[in-house]
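Notes to accompany the following structure.
The residues of the chain are indexed from 1 along the displayed sequence. All figures in this text were calculated on a predicted structure; none of them were measured in a lab.
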Amino acid sequence: MTLSDTLPGAAAADSRPGSEWWRTAVIYQIYPRSFADASGDGVGDLPGVTSRIDDLQALGIDAIWLSPFQRSPQKDAGYDVSDYCDVDPLFGTLADFDDLIEAAHSRGIRIIADLVPNHSSDQHVWFQEALAAAPGSPERGRYIFRDGKGENGELPPNNWESVFGGPAWTRVTEPDGTAGQWYLHLFDSSQPDFDWSNPVVQEEFRRILRFWLDRGVDGFRVDVAHGLVKAPGLPDYTPDPHGGSMGGDAAEVPYWGQEGVHDIYRDWHKVLAEYDGDRALCAEAWLPTVDITAKWVRPDEMHQAFNFAYLETPWDAAELRTVISESLRAYPAVGAPSTWVLSNHDVVRHASRLALTAENPQGHGIGPDSPGQPEPVLGLRRARAASTVMLALPGSAYIFQGEELGLPEVIDLPGDARQDPTWFRTEGERYGRDGCRVPIPWDAAAPAYGFSPTGQSWLPQPAEWATLARDQQVGDPDSTLSLYRTLLAERRAHGLGAGTLEWLDGYGDDVLAFRNGDVTVISNIGETPVELPTAELIVASEPVSDGILPADTTVWLRSI
Ligand code: NOJ
């Protein structure tokens with residue numbers, strides 16, 4: 001076998017000061033409503049997170065990304081914020097947030113907060129003021145209000161569609177009772193888009209950043225970071241039916257990836273730089289290629305961007321090799337680390353997605369009638385193998401709560417339990433994202449598997465999850481939880497996050513093989529067993545014997 005190209009990972013430290021922890025960190029996504037419920041109302045909360053912080057420390061993570069916990073009517077599970085500087089009572093209080101920061105920091109765990117700057121809730125005081133004010137007023141100028149087309153303004157200002165289905169415009173009733181202007185909402189009608197060309201909006205978000213930075217957050221995951229600036233004149237655009245639901249069309253899209261958006265992050269970069277402790281910005285930007293996404297992490301912009309190209313890559317050795325190589329070229333080329341992610345609260349969990357036999361309906365979800373239903377045993381096996389690859393890659397990796405338990409997507413949620421606006425806006429045509437958001441199991445024998453002391457759970461948990469509960473996995477060396485703990489410990493011990501990837505050739509087309517420092521990673525993505533070199537085994541995603549690597553299995557070996 002031969003060594004082929006060498007790819008730097010976390011990118012050599014550049015002029016940015018401090019420890020730059022985010023270059024190599026393993027960041028654990030907490031979706032607060034589904035993590036741990038201390039109050040017993042069936043919805044997770046911040047005291048619940050704090051109560052489980054030792055479990056996260058035992059897992060070996062470096063940081064937490066906390067999905068929205070700010071005040072919100074919860075029309076889109078918190079991605080519709082009505083007060084950016086308060087905690088929603090559903091999740092607790094600002095004092096609970098301070099307690100969580102303190103509990104995390106005292107254990108060496110950082111916290112990045114979700115920030116939703118593209119749109120607010122329609123219950124935000126600004127939007128309420130805009131509705132009460134006249135067309136052309138400063139109050140309307142904080143959002144994107146336009147007159148409609150047609151004789152009486154009865155047609156929307158352009159043809160844009162909401163990401164969640166249906167039109168991206170809603171007509172308002174003016175204070176005098178007449179049908180009036182339209183406002184833009186790229187997502188639900190309860191999520192009006194801000195007008196980011198307005199300096200008042202820009203200044204308000206500087207204030208919001210400082211509010212949370214002053215409270216000690218280590219950074220922000222920035223929602224829809226590719227969407228804040230819209231093309232002048234708001235020209236018509238018909239999306240590619242094969243494009244990703246959150247963006248990612250190959251064509252120029254007048255609401256995604258506009259040049260002006262970079263000025264906002266250059267500005268925010270300066271705000272974060274006023275603070276000590278290496279605060280970081282991570283872009284949630286669904287863009288068509290890694291080269292385009294890398295523009296969000298140029299040295300004076302954000303620090304990380306989610307690698308959705310990696311997440312969307314099927315279980316295929318050639319395609320994985322390509323996306324890994326491209327990522328380790330494109331991000332370090334601008335001085336940033338690559339990130340890696342397989343699951344989050346918007347996509348089908350990878351323990352199911354990797355066994356789908358139909359096209360991956362990313363963002364649209366799967367349900368009982370979806371084609372290509374995943375086979376659970378195969379899905380979990382591939383998920384373990386895929387995570388064992390991901391956590392060996394140089395850069396920073398994101399884990400979504402529950403993937404360390406091997407949780408699959410919940411496919412058979414009853415229609416009346418579903419809550420994703422996508423489900424409602426498409427009248428059930430798209431199942432949406434509830435299947436990856438089901439509250440996670442902690443204790444097999446406890447009510448709601450330990451999620452909530454009363455046994456309540458805002459989405460029903462499947463009966464099979466008893467065997468996946470954390471307490472069932474803790475002492476079992478073959479469990480997925482034990483695998484993740486070992487992977488995180490060995491990743492740290494071998495410095496893989498800061499390493500360099502060298503591809504190894506000679507194992508066959510269906511095999512992914514690379515070296516990162518003193519660790520050799522071999523992943524058999526095909527069906528034919530592969531002969532392993534003689535070397536010490538560090539970790540394996542499935543049992544390996546007689547030097548043979550079975551299908552859908554990844555090993556880390558000590559390099560010789
Ligand atoms: C991306 C978030 O991850 C998703 O959950 C949300 O619905 C949209 N942005 C709108 O905020």
**Request:** Before giving the answer on side chain to side chain donor-acceptor pair (under 3.5 Å), spell out for Thr50 and Asp99 the whole-Å C-alpha distance, their side-chain angles and the decisive distance to 0.1 Å.
**Result:** CA-CA 7 Å; Thr50 306; Asp99 289 348; over 6 Å; no

**Message:** What verdict does the side chain to side chain contact (heavy atoms under 4.5 Å, CB included) test give for Ile27 and Gln304, after you've listed the backbone C-alpha separation in whole Å, the side-chain angles of each residue and the deciding distance to 0.1 Å?
**Reply:** CA-CA 12 Å; Ile27 304 175; Gln304 291 188 332; 3.9 Å; yes

**Request:** Please test Asp45 against Asp37 for side chain to side chain contact (heavy atoms under 4.5 Å, CB included), starting from the C-alpha separation and ending with a verdict.
**Result:** CA-CA 5 Å; Asp45 45 41; Asp37 170 24; 3.2 Å; yes

**Candidate pair Asp214 and Tyr275, rule side chain to side chain donor-acceptor pair (under 3.5 Å), full reasoning** = CA-CA 9 Å; Asp214 288 339; Tyr275 288 80; 2.8 Å; yes

**Prompt:** Going through the distances and angles, do Tyr183 and Phe127 end up as a side chain to side chain contact (heavy atoms under 4.5 Å, CB included)?
**Reply:** CA-CA 10 Å; Tyr183 67 89; Phe127 194 72; 3.7 Å; yes

**Test side chain to side chain donor-acceptor pair (under 3.5 Å) applied to Asp76 and Gln191, step by step** = CA-CA 8 Å; Asp76 183 22; Gln191 295 167 296; 2.9 Å; yes

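Among residues two or more places apart in sequence or in another chain, the salt bridge (Lys or Arg N to Asp or Glu O under 4.0 Å) test is passed with Asp443 by Arg52. Evaluation of the ring pair (Phe, Tyr, Trp, His ring centres under 6.0 Å) rule for Phe35 yields Trp442 as partners, not counting sequence neighbours. The side-chain contact (heavy atoms from CB on, under 4.5 Å) search around Ala351 returns Ala383, not counting sequence neighbours. For Thr422, the side-chain hydrogen bond (donor to acceptor under 3.5 Å, both in side chains) partners at least two apart in sequence or on another chain are Asp420. A search for ring pair (Phe, Tyr, Trp, His ring centres under 6.0 Å) contacts involving Trp556 returns nothing, not counting sequence neighbours. Checked against side-chain hydrogen bond (donor to acceptor under 3.5 Å, both in side chains), Tyr265 has no partners two or more places apart in sequence or in another chain. Taking Tyr484 as the reference, nothing meets the ring pair (Phe, Tyr, Trp, His ring centres under 6.0 Å) condition, with sequence neighbours excluded. With sequence neighbours excluded, no residue forms a side-chain contact (heavy atoms from CB on, under 4.5 Å) with Ser51. In terms of the side-chain contact (heavy atoms from CB on, under 4.5 Å) criterion, residue partners of Ala283 (sequence neighbours excluded) are, by chain and number, Ala225, Ala285, Trp296, Met302, Ala305. In terms of the salt bridge (Lys or Arg N to Asp or Glu O under 4.0 Å) criterion, Glu490 has no residue partners (sequence neighbours excluded).
Looking at Pro117 and Ile208, their side chains never come closer than 4.5 Å, going by heavy atoms from C-beta outward. Residues Arg266 and His269 are not in side-chain contact: their nearest non-hydrogen atoms beyond the backbone lie 4.5 Å or more apart. Counting only heavy atoms from C-beta outward, the side chains of Pro421 and Arg433 approach each other to under 4.5 Å.
Among all heavy-atom pairs drawn from Ala392 and Val521, the shortest one is CB-CG2, 3.5 Å. The heavy-atom pair separating Asn198 from Val200 by the smallest distance is OD1-N, 2.8 Å. Here the closest heavy-atom approach between residue Val347 and residue Glu409 is recorded as O-OE1, 4.0 Å. Across every non-hydrogen atom of Ser162 and Asp188, the tightest pair is OG-N, 4.5 Å. When every heavy atom of Pro453 is checked against every heavy atom of Ala38, the shortest pair comes out as CG-O, 4.0 Å. Taking both residues in full, the closest heavy atoms of Leu213 and Leu272 are given as CD1-CD1, 4.0 Å, listed atom of the first, atom of the second, then distance.
Using a 4.0 Å cut-off between charged nitrogen and carboxylate oxygen, Glu284 and Arg221 count as a salt-bridge pair. Between Arg142 and Glu204 there is no salt bridge, since no side-chain N of the basic residue sits under 4.0 Å from a carboxylate O of the acidic one.
The distance from atom CG of Leu46 to atom CG of Leu90, rounded to the nearest 0.5 Å, is 10.0 Å. For the atom pair CG of Leu488 and CG of Leu59, the computed distance is 5.0 Å after rounding to the nearest 0.5 Å. Distance NZ/Lys295 to NE2/His226: 13.5 Å, rounded to 0.5 Å. Rounding to the nearest 0.5 Å gives a distance of 6.0 Å between CG of Leu468 and CG of Leu407. Here the CG-CZ distance, from Asn118 to Phe194, works out to 9.0 Å after rounding to the nearest 0.5 Å. The distance from atom CG of Leu393 to atom OH of Tyr310, rounded to the nearest 0.5 Å, is 5.0 Å.
Of the listed residues (Arg107, Arg492, Arg23), just one forms a salt bridge (Lys or Arg N to Asp or Glu O under 4.0 Å) with Asp62, and that residue is Arg492. The side chain to side chain contact (heavy atoms under 4.5 Å, CB included) test with Phe164 is passed by exactly one of His185, Arg430, Arg425: Arg425.
Listed for the Trp21 side chain is no donor-acceptor partner under 3.5 Å among the backbone atoms of Ala280. The backbone N or O of Pro73 lies less than 3.5 Å from no partner atom in the side chain of Gln123, so there is not a single donor-acceptor pair. No donor-acceptor pair under 3.5 Å is formed between the side chain of Thr554 and the backbone N or O of Ser541. Remark: the backbone N or O of Ala25 is paired with a side-chain donor or acceptor of Ser396 at under 3.5 angstrom. Under a 3.5 Å cut-off, the side chain of Asp83 and the backbone N or O of Arg71 do not form any donor-acceptor pair. Trp65 places no side-chain N or O within donor-acceptor distance of the main-chain N or O of Ile399, the cut-off being under 3.5 Å. Judged by distance alone, with hydrogens and angles left aside, the side-chain atoms of Asp278 form a donor-acceptor pair with the main-chain N or O of Ser19 at under 3.5 Å.
Aromatic ring centres of Tyr431 and Trp423 lie closer together than 6.0 Å.
Side-chain contact of Ser327 with Asn307: a donor-acceptor pair under 3.5 Å is present, judged by distance alone. There is no side-chain donor-acceptor pair under 3.5 Å between Tyr449 and Ser457. With no hydrogens or angles considered, no side-chain donor-acceptor pair links Asp88 and Ser72 at under 3.5 Å. Side chains of Gln419 and Arg437: no donor on one and acceptor on the other come within 3.5 Å. Side-chain N/O atoms of Ser82 and Asp80 include no donor and acceptor closer than 3.5 Å.
Pairs engaging residues 78-122 under the ring-ring contact (aromatic ring centres under 6.0 Å, His included) rule: Phe69-Phe97, Tyr79-His345, Tyr84-His124, Tyr84-Phe205, Phe97-Trp212, His119-Phe187 [sequence neighbours left out]. For the side-chain hydrogen bond (donor to acceptor under 3.5 Å, both in side chains) condition, the pairs that include at least one residue of residues 465-478, sequence neighbours left out, are Glu404-Arg470.
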